[in-house]
Amino acid sequence: VQLQASGGGLLQAGNSLRLSCAFSGRTYVFNAYAMGWFRQAPGEEREFVAAISRTGGITIYSDSVKGRFTMSRDNVFNKVFLQMDSLKPEDTAIYYCAARVSEVARSVRRTPTDYDYWGQGTLVTVSS
């Protein structure tokens, strides 16, 4: 499995940005995987941002981004997205997408160690 995150950049607070993560893999099809977004700021531990179930029917968010970020997936084009609105300086971090094989259609997880595969990350910098 390979995950390729993209869409990061430098922008001012209050603006919006959309991250993408392209999935490629041979063992299982994309809709066998639940997906997550995590972020890591300099000097900080990696933290949960959002997760989505295999079919996209269930999404969960961290309290810090709830109401501002929206995670979605496209099981035809094998991608997940993170729409980030009303960005704040504290959203500055490297954003990582992650995948885990999920036998349960509605399963979503917040813990990084629950995920099997990780992308390389994309940097988001929000200035005040």
Side-chain angles (χ1 to χ4, degrees):
V1 171
Q2 290 188 327
L3 301 172
Q4 181 72 42
S6 62
L10 170 63
L11 67 166
Q12 289 187 325
N15 284 327
S16 298
L17 198 63
R18 189 192 196 204
L19 304 184
S20 298
C21 176
F23 169 98
S24 60
R26 295 183 179 180
T27 304
Y28 300 104
V29 296
F30 180 55
N31 63 15
Y33 294 84
M35 303 294 293
W37 283 101
F38 294 79
R39 67 186 182 186
Q40 188 166 16
E44 303 289 333
E45 293 186 353
R46 191 168 298 189
E47 67 169 351
F48 169 76
V49 174
I52 192 165
S53 59
R54 281 169 35 188
T55 61
I58 304 294
T59 51
I60 58 172
Y61 301 92
S62 67
D63 289 342
S64 62
V65 308
K66 193 177 296 181
R68 300 187 297 121
F69 290 11
T70 304
M71 185 174 184
S72 60
R73 66 187 294 159
D74 185 331
N75 283 352
V76 173
F77 292 100
N78 294 355
K79 289 186 175 182
V80 292
F81 305 98
L82 187 67
Q83 177 66 39
M84 306 187 294
D85 299 321
S86 303
L87 280 160
K88 304 176 181 180
E90 50 263 44
D91 294 319
T92 295
I94 299 174
Y95 283 72
Y96 299 89
C97 59
R100 51 179 289 272
V101 177
S102 176
E103 295 183 355
V104 179
R106 296 171 60 86
S107 176
V108 285
R109 300 287 178 87
R110 298 174 179 265
T111 306
T113 53
D114 286 336
Y115 288 80
D116 305 305
Y117 305 99
W118 292 83
Q120 87 290 355
T122 185
L123 176 62
V124 174
T125 304
V126 184
S127 64
S128 58

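Side chain of D114 to backbone of R100: no donor-acceptor contact under 3.5 angstrom is found. Proximity of a side-chain donor or acceptor of R54 to a complementary backbone N or O of E103 within less than 3.5 Å is detected. Q4 places no side-chain N or O within donor-acceptor distance of the main-chain N or O of G119, the cut-off being under 3.5 Å.
Transitive grouping of hydrophobic side chains (ILVMFWY, heavy atoms separated by less than 4.5 Å) keeps I60 and L82 in distinct clusters. Cluster membership check: F48 does not share its hydrophobic cluster with V65, using side-chain heavy-atom separations under 4.5 Å among Ile, Leu, Val, Met, Phe, Trp and Tyr. Y61 is not connected to Y115 by any chain of hydrophobic side-chain contacts under 4.5 Å among Ile, Leu, Val, Met, Phe, Trp and Tyr, and they are in different clusters. Side-chain heavy atoms closer than 4.5 Å link hydrophobic residues (I, L, V, M, F, W, Y) into clusters, and following such links, possibly through other members, connects Y28 to I52. Cluster annotation: L19 is not connected to F38 through the hydrophobic network of ILVMFWY side chains, with a link wherever side-chain heavy atoms come within less than 4.5 Å.
Minimum heavy-atom separation, P89 to A13: CD-CB, 4.0 Å. The two residues A34 and S107 have their closest heavy-atom pair at CB-O, 3.8 Å. When all heavy atoms are compared, the tightest approach of Y117 to L3 is O-CD1, 3.5 Å. Taking all atoms of both residues into account, the shortest heavy-atom contact from Y96 to R46 is CZ-NH2, 3.6 Å. Considering every non-hydrogen atom in both D85 and S16, the closest pair reads OD1-OG, 2.8 Å. Taking both residues in full, the closest heavy atoms of T55 and N75 are given as CA-ND2, 4.1 Å, listed atom of the first, atom of the second, then distance.
A 6.0 Å sphere centred on CD of E90 holds more than 12 heavy atoms belonging to other residues, nucleotides or ligands.
Atom-to-atom distance recorded for I94:CD1 and Q40:CD is 7.0 Å, nearest 0.5 angstrom. Put simply, OG on S72 and NZ on K79 are 11.5 Å apart, with the number rounded to the nearest 0.5 Å. To the nearest 0.5 Å, atoms OH (Y33) and OG (S53) are separated by 16.0 Å. Rounding to the nearest 0.5 Å gives a distance of 8.0 Å between OG1 of T92 and CG of L123. Atom CZ of F69 is separated from atom CZ of R18 by 14.5 Å, given to the nearest 0.5 angstrom. Residue M71 holds its CE atom at 9.0 Å from OG1 of T59, rounded to the nearest 0.5 Å.
The closest side-chain heavy-atom distance from N15 to L17 is not below 4.5 Å. Between W118 and V1 the shortest side-chain heavy-atom distance does not fall below 4.5 Å. Under the 4.5 Å side-chain criterion, counting only non-hydrogen atoms from C-beta, S64 is in contact with R39. Side-chain contact between W37 and M84: absent, with no pair of heavy atoms (C-beta onward) separated by less than 4.5 Å. V80 has its side chain within reach of F30: a pair of non-hydrogen atoms, C-beta onward, lies under 4.5 Å apart.
Between K88 and D91, no side-chain nitrogen of the basic residue sits less than 4.0 Å from a carboxylate oxygen of the acidic one, so the salt-bridge criterion is not met.
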Inset, instruction - Could you please spell out the steps behind the side chain to side chain contact (heavy atoms under 4.5 Å, CB included) verdict for F23 and R73? - result: CA-CA 11 Å; F23 169 98; R73 66 187 294 159; over 6 Å; no
